[in-house]
Asker: 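Mind looking over this structure? Questions follow.
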Number of protein chains: 2
Amino acid sequence: MNAFSTAATGGRKKRGEGHTRREEILQAAKELFLEQGYEATTIRRIADRVGVSAPALYLYFPDKEQMMLALCDQTFGYLIESIREIESTVSDPRERIRRFGEAYLKFGLAHPDEYKLVFLGSNIPESVRKLGHRMPTDDPTRPGIGGAIVFQRLVSIIAEAEASGLALNYPADTCAELCWMAMHGVASALILKPEFPWSNRDLLGTGMLDIVMKGIIRGG
Amino acid sequence: MNAFSTAATGGRKKRGEGHTRREEILQAAKELFLEQGYEATTIRRIADRVGVSAPALYLYFPDKEQMMLALCDQTFGYLIESIREIESTVSDPRERIRRFGEAYLKFGLAHPDEYKLVFLGSNIPESVRKLGHRMPTDDPTRPGIGGAIVFQRLVSIIAEAEASGLALNYPADTCAELCWMAMHGVASALILKPEFPWSNRDLLGTGMLDIVMKGIIRGG
DNA sequence: CCGTTAACTTACCATTGATAAGTTATCTGT
DNA sequence: ACAGATAACTTATCAATGGTAAGTTAACGG
């Protein structure tokens, strides 16, 4: 057992316990990805932390990329959950949109690495990067679909807002895209350039939300 | 001479002509980076296209990263130039901001790979990604500084607009950050997810610009 | 207690960015 | 003309990477 690991369990797994090894690998991979980034994390280092040989990882994942996707799904579940909660507890259309934006930005800042991986494709292969925004028709059980689900919720929220009488300055889908792009601009900037002397981080979030609401809602 | 290359010149360079080899390397690297991306482009492939051995590249660049930075500087020069032209020919403060946004977005869409490299840090080392936004005090001759210069121009444009009487809803630097973030959100989304069925690409650009102008300018 | 097979290891592969050390061709001073 | 000096370049090699092949060990069912 590796003293520096939170995942290693030491010995060989008993039959039928392979799934616990899989979770140990995910845990170790998550720690290392968050500590050092995707590229810097090698399968050998993950294997070391778990306490197995490198090829053992390939018993549980087809490749490195799928480990990352499994982790993204896990983390994005939290955001999807909090959006569902907003949808089920907040009825005012304006407030829903605002709360979505707040939750989205809060999530991005709380999970910058997962955000980077899904929405910015930082240091990951092309095939992974494309998973952030997928067509609505794509298989919802497919790994890495989290980002697309989040975006789809915003489209629904804004479409429902319009259906319930809110006048928009642009088509509903365009409004959703503008809203997402604006908040994504804030999130990605704060995440990718943490060392930049931003004038006022909180004001950038609330200000952008104000600007977007005013811009997409007629008379907003 | 490699028949598939636009850069290879065949033989050994004469003394004092090393700079032409350097430019050939940059040209070949640019083609390959744009065709296949940064990671997929190996120094061996660059060297093949130029028609020299791989280690020969290290006579002209300390590493692969510096090749990319040199290319980014080259390309960003075009954007900096067009911004300078706007500043020298457009006097109306509102129009200046709008024209900046248009030029910025147009540049991003015309040079998506360089944009990714400087502003999104896609598939490149941490050290390169950080160069997009640098402190104003940084050495302006340093490779990769282009993105920061562009942002600094926007700060100036908005600060001058305020000084000339334009009323802003937020501090000038915050307005610049919001403006940049919003346009960056549009640019990065369209660049990173080109296959997504965006409702209306042109409207997203002009719409976001409208929204931002209205949002940061009092009574705008 | 024996055979099946899940769980895992050792040995290996091609490719990567990069370096060390040697070679060749061109220029300069005499 | 010729002898360094050195710019320009090559061959050989390195350690690290993601991934594979093939064998080994241990746990379970009958």
Side-chain angles (χ1 to χ4, degrees), chain A residues 1-2 5 7-26 28-29 32-33 36-71 123-129, chain B residues 1-2 5 7-26 28-29 32-33 36-71 117 123-128:
Chain A
M1 174 117 182
N2 181 339
S5 170
T9 59
R12 168 189 285 244
K13 292 292 175 182
K14 304 211 170 184
R15 283 205 173 192
E17 297 301 316
H19 63 97
T20 67
R21 182 70 83 202
R22 191 187 136 99
E23 279 158 30
E24 288 169 20
I25 293 169
L26 275 182
L32 288 167
F33 285 151
Q36 336 221 344
Y38 182 83
E39 289 292 338
T41 299
T42 67
I43 55 163
R44 284 166 176 80
R45 270 194 266 275
I46 297 172
D48 279 353
R49 182 164 294 206
V50 174
V52 295
S53 69
L57 305 196
Y58 290 91
L59 295 174
Y60 305 99
F61 299 93
D63 55 25
K64 192 182 169 186
E65 178 180 322
Q66 293 297 318
M67 292 183 209
M68 191 67 243
L69 286 179
L71 287 172
N123 279 8
I124 54 172
E126 186 85 2
S127 52
V128 182
R129 178 151 46 78
Chain B
M1 173 117 181
N2 180 339
S5 170
T9 60
R12 167 190 285 244
K13 293 290 176 182
K14 305 213 167 182
R15 283 201 174 195
E17 297 299 316
H19 64 98
T20 67
R21 183 68 84 200
R22 191 186 136 100
E23 279 157 31
E24 288 169 19
I25 293 168
L26 275 182
L32 288 168
F33 285 150
Q36 335 221 348
Y38 181 84
E39 290 291 338
T41 299
T42 67
I43 56 163
R44 284 166 177 81
R45 271 195 264 275
I46 298 172
D48 279 353
R49 183 166 290 206
V50 174
V52 295
S53 69
L57 305 196
Y58 291 90
L59 295 172
Y60 304 99
F61 299 92
D63 55 27
K64 193 181 169 187
E65 179 179 322
Q66 293 297 317
M67 292 183 210
M68 191 70 242
L69 285 179
L71 288 172
L117 286 156
N123 280 6
I124 53 172
E126 186 84 2
S127 52
V128 181

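Each chain gets a letter, A, B and so on, in the order the sequences are listed, and its residues count up from 1.
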Asker: Could you tell me how far apart B:R22 (CZ) and D:dA7 (C1') are, to the nearest whole angstrom?
Answerer: 16 Å

Asker: With a non-hydrogen cut-off below 4.0 angstrom, is A:S53 in contact with a base, only sugar-phosphate, or nothing?
Answerer: base

Asker: Enter the distance from A:L71:CG to A:I25:CD1 here, rounded to the nearest 0.5 Å.
Answerer: 11.0 Å

Asker: Just to be sure I understand the geometry, which residues of residues 54-64 of chain B put a non-hydrogen atom under 4.0 Å away from DNA chain C?
Answerer: B:P55, B:Y58, B:D63, B:K64

Asker: Just jot down the side-chain hydrogen bond (donor to acceptor under 3.5 Å, both in side chains) partners of B:T42, sequence neighbours excluded, or say none.
Answerer: none

Asker: Checking contacts here: which listed nucleotide (D:dT17, D:dC9, D:dT13) is nearest the side-chain heavy atoms of B:R44?
Answerer: D:dT13

Asker: Between D:dT10 atom P and B:I43 atom CD1, what is the distance in whole Å?
Answerer: 13 Å

Asker: Please give me the minimum heavy-atom distance between A:R12 and A:R21, naming the atom from each residue.
Answerer: CA-NH2, 4.0 Å

Asker: Classify the side chain of B:R12 versus the base of D:dA8 as yes if they form a donor-acceptor pair under 3.5 Å and no if they do not.
Answerer: yes

Asker: A:E23 CD to C:dA7 C1': how many Å, rounded?
Answerer: 16 Å

Asker: What is the distance, to the nearest angstrom, from the CZ atom on B:F33 to the C1' atom on C:dG17?
Answerer: 12 Å

Asker: Report, one line per pair, each donor and acceptor closer than 3.5 Å where one atom sits in a side chain of residues 57-64 of chain B; sequence neighbours left out.
Answerer:
from	atom 1	to	atom 2	distance (Å)
B:D63	OD1	B:E65	N	3.3
B:D63	OD1	B:Q66	N	3.1
B:K64	NZ	B:Y38	O	3.1
B:K64	NZ	B:T41	O	2.9

Asker: Can you measure B:Q36 atom CD to C:dT16 atom C1' for me and round it to whole angstrom units?
Answerer: 15 Å

Asker: A:R21 CZ to D:dA26 P: how many Å, rounded?
Answerer: 14 Å

Asker: Run B:I46 and B:M67 through side-chain contact (heavy atoms from CB on, under 4.5 Å) and show every step you take.
Answerer: CA-CA 11 Å; B:I46 298 172; B:M67 292 183 210; 4.1 Å; yes

Asker: Taking all heavy atoms of B:L32 and all of B:R49, pick out the closest pair and write down the distance.
Answerer: CD2-NH2, 3.6 Å

Asker: Let me know the distance between CD of B:E24 and P of D:dA8, rounded to the nearest Å.
Answerer: 12 Å

Asker: For the residue pair B:A40 and B:R45, what are the closest heavy atoms and their distance?
Answerer: O-NH2, 3.2 Å

Asker: Under 4.0 Å between a side-chain N or O of A:R45 and OP1 or OP2 of D:dT17?
Answerer: yes

Asker: Expressed in angstrom and rounded to an integer, what is the separation of B:M67 atom CE from C:dG17 atom C1'?
Answerer: 10 Å

Asker: When all nucleic acid strands are considered with a 4.0 Å heavy-atom cut-off, which category describes B:T41: base, sugar-phosphate, or nothing?
Answerer: sugar-phosphate

